[in-house]
Number of protein chains: 2
Amino acid sequence: MGGTGAVRDMEEARVGTAAHEVLAVVFQVRAGRLCVLLWRRARPPFEGDWVLPGGRLGADEGLGQSMRRQLAQKVDVRDLAHLEQLETRGAPDRHPEGRTLATAYLGLVPAHNEPVIPGDTAWHAISELPPMGFDHAAIVHSGRRRLRAKLSYTNIGFALAPPEFTMSQLSGYYRAALGHDVAATNLRRVLLRRGQIEETGRSVPSGRSGGRPAAVFRFRVSHLEVTDEFAVLRPPPKRAEKIY
Amino acid sequence: MGGTGAVRDMEEARVGTAAHEVLAVVFQVRAGRLCVLLWRRARPPFEGDWVLPGGRLGADEGLGQSMRRQLAQKVDVRDLAHLEQLETRGAPDRHPEGRTLATAYLGLVPAHNEPVIPGDTAWHAISELPPMGFDHAAIVHSGRRRLRAKLSYTNIGFALAPPEFTMSQLSGYYRAALGHDVAATNLRRVLLRRGQIEETGRSVPSGRSGGRPAAVFRFRVSHLEVTDEFAVLRPPPKRAEKIY
DNA sequence: TCAAAAGTGTTTTGTTTACACCCATGC
DNA sequence: GCATGGGTGTAAACAAAACACTTTTGA
């Protein structure tokens, strides 16, 4: 146990009361790779290891509210296009200095944003995570699974892409997040069909190597929506008498 | 604030420490309807209202462990076919007697189990929820959404159905959980194709009104599995060079 | 023999992937 | 004019829903 002494010991003995922290898995696609924002611990335990940004829940804060406040110290909150709760971990031994529950959030920063971040934080590709403290590496992987799943049936791409983009750029963000190739030509049709994206009418000039100018798209809504709810077992379309 | 006085006040003032409880949304299909197990509060706040079973997190318990312990006082844990974490709520004012975080779980009891439950608990159809205390009604609806979604792309039906069943029974459980009709004939083919269910080889005699005897099926695995992961945007089947 | 319930065969529909081909631009 | 992407058209693959028809039983 740490050096806080009697006060902490008394608290821990009391059933049902525990320290609570919030942690953020903030992803951004950078240079074609899915990256997560990590913070380097300057003192034990896990000194020198990397951990998720976050901290103690304030006395009168909601969880999401606390997460945004803590994150504001690392990234400008305006850069965060999406934030959702991921999971809560409460293994009694997850924190060596005493019982601490942690509620993790998934946050997304659109590509090409370059938020100012403190010197002790850095973006790390999730394919090459550095040594990480506590159970934070596992939480990063939870976040990746969540993002990956939601790319299939929601419009969550809006939080990965900048406000305007070409289809080949967008397929790059999908590729980075999903971990496999995504054909721009088909992605375009799927997202258009689902009404997720629309053309701006403009196009970007082709690069020095030539090629047809690419049309510029944008997402139609910039908050999470389920766009493909019933992959299967969908309700009968006509006379759909719901039973509740 | 409640009358606990100085001790509680001191705790609440201390940043990062809060009471923590676990709550269970336990569903069972009963008489063709999706029902949730509720507990009737005997004292304020919300006296007489119905709430989710649960209670304070113990000093050295994990969250899931605590949930199982608390649930054991309401339903026999052997009756619980599935338990998964749902969400954590931490609004500062969610509990009138003082800051309390709650981590909710989703639990499923297979149909036709008849667990012994205490006199102050009862099953309520979710289409006719009684007046409920705290934010528990919202948590019930979170649970229903989760169940409904997972029926589409996982084998979670195993936790709704008894060990053996006919297809028309199974379609009844799906109907109750999804809220719309599910044709037994197509459900059979979908679940067989996905390898979720298999025939036992036996059949049940037809009822007094005649009819062909129904084949008896069972789920092949009785833990959660994703059986239809990439509804769309699936990775290329051949030469699927994953990038991580 | 008829009604009832289960199960099979087949068609239709919808969605996504694959792939060939056409388009617009820089050099 | 030709290489280089971008974009369209179209076919193929696949899965699920709809529906007609067959099977097996009780009365």
Side-chain angles (χ1 to χ4, degrees), chain A residues 32 151-153 157 164-172 174-175 178 180-217 226-241, chain B residues 151-153 157 164-172 174-175 178 180-217 226-240:
Chain A
L151 280 171
S152 289
Y153 66 94
E164 306 202 328
F165 47 84
T166 66
M167 286 313 300
S168 65
Q169 288 172 325
L170 188 64
S171 83
Y174 272 72
R175 175 190 155 91
L178 290 173
H180 62 76
D181 273 317
V182 177
T185 176
N186 287 330
L187 182 65
R188 172 203 186 101
R189 276 191 278 226
V190 170
L191 298 188
L192 279 173
R193 158 187 285 277
R194 294 184 178 175
Q196 286 190 28
I197 60 174
E198 65 188 2
E199 281 190 79
T200 61
R202 271 167 294 116
S203 60
V204 297
S206 45
R208 32 213 144 295
S209 59
R212 180 170 168 171
V216 175
F217 289 80
V226 174
T227 58
D228 197 39
E229 187 163 19
F230 299 100
V232 295
L233 303 175
R234 63 176 69 82
K238 344 162 216 192
R239 286 177 284 119
E241 24 160 349
Chain B
L151 280 171
S152 290
Y153 65 93
E164 305 201 330
F165 49 83
T166 66
M167 286 313 301
S168 63
Q169 290 173 324
L170 188 62
S171 82
Y174 272 71
R175 175 189 155 89
L178 290 173
H180 61 77
D181 274 316
V182 177
T185 175
N186 286 332
L187 182 64
R188 172 202 187 102
R189 276 190 278 226
V190 170
L191 298 188
L192 279 173
R193 158 188 286 277
R194 293 183 177 177
Q196 285 190 27
I197 61 175
E198 64 188 1
E199 280 190 78
T200 62
R202 271 167 295 115
S203 61
V204 297
S206 46
R208 31 214 145 297
S209 59
R212 178 170 170 170
V216 175
F217 289 79
V226 174
T227 58
D228 197 40
E229 187 163 19
F230 300 100
V232 295
L233 303 176
R234 63 177 71 79
K238 347 164 214 191
R239 286 177 285 119

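Letters go in sequence order (proteins before strands), and every chain restarts at 1. None of the values given here were measured: they were computed from a predicted structure.
Look at CG on Asp181(A): it is 13 Å from P on dT17(C), rounded to the nearest Å. Spacing between atom CG of Leu191(B) and atom C1' of dA16(D) amounts to 12 Å, rounded to whole angstrom units. Rounded to whole angstrom, the span from the CG atom of Leu178(A) across to the C1' atom of dT16(C) amounts to 15 Å. If you take CG of Leu187(B) and C1' of dA16(D), they are 12 Å apart, rounded to a whole angstrom. Here dT16(C) presents its P atom at 12 Å from CG of Leu192(A), a figure rounded to the nearest Å. Atoms CD (Gln196(A)) and C1' (dT15(C)) sit 15 Å apart, rounded to a whole Å. In this entry the distance linking CZ of Arg194(A) with C1' of dT17(C) reads 13 Å, nearest Å. In this entry the distance linking CG of Leu170(A) with C1' of dG6(D) reads 15 Å, nearest Å.
To the nearest 0.5 Å, atoms CG (Leu187(A)) and CD1 (Ile197(A)) are separated by 6.5 Å. Between the CZ atom in Phe217(B) and the CD atom in Glu164(B) there is a gap of 11.5 Å [rounded to 0.5 Å].
Taking each heavy atom of Pro213(A) and Val204(A) in turn, the nearest pair found is CB-O, 3.1 Å. Of all heavy-atom pairs spanning Ala184(B) and Ser168(B), the tightest one is CB-CA, 4.2 Å. Here the closest non-hydrogen pair linking Val182(B) and Tyr174(B) is CG2-CB, 3.9 Å. Taking all atoms of both residues into account, the shortest heavy-atom contact from Leu170(B) to Phe165(B) is CD2-CE1, 3.6 Å. The shortest heavy-atom contact between Thr227(B) and Gln196(B) is OG1-NE2, 2.9 Å.
Looking at heavy atoms from C-beta onward, Arg189(B) lies in side-chain contact with Asn186(B) at the 4.5 angstrom threshold.
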For nucleotides 2-12 of chain C, just jot down a letter per nucleotide in 5' to 3' order: B, S or -, based on protein non-hydrogen atoms under 4.0 Å.
-> --BBBSBBB--
What are the atom names and distances for every N/O pair under 3.5 Å that joins the protein to nucleotides 11-13 of chain D?
none

Yes or no on side chain to side chain contact (heavy atoms under 4.5 Å, CB included) for Arg188(B) and Glu199(B), after CA distance, side-chain angles and deciding distance?
-> CA-CA 10 Å; Arg188(B) 172 202 187 102; Glu199(B) 280 190 78; 4.2 Å; yes
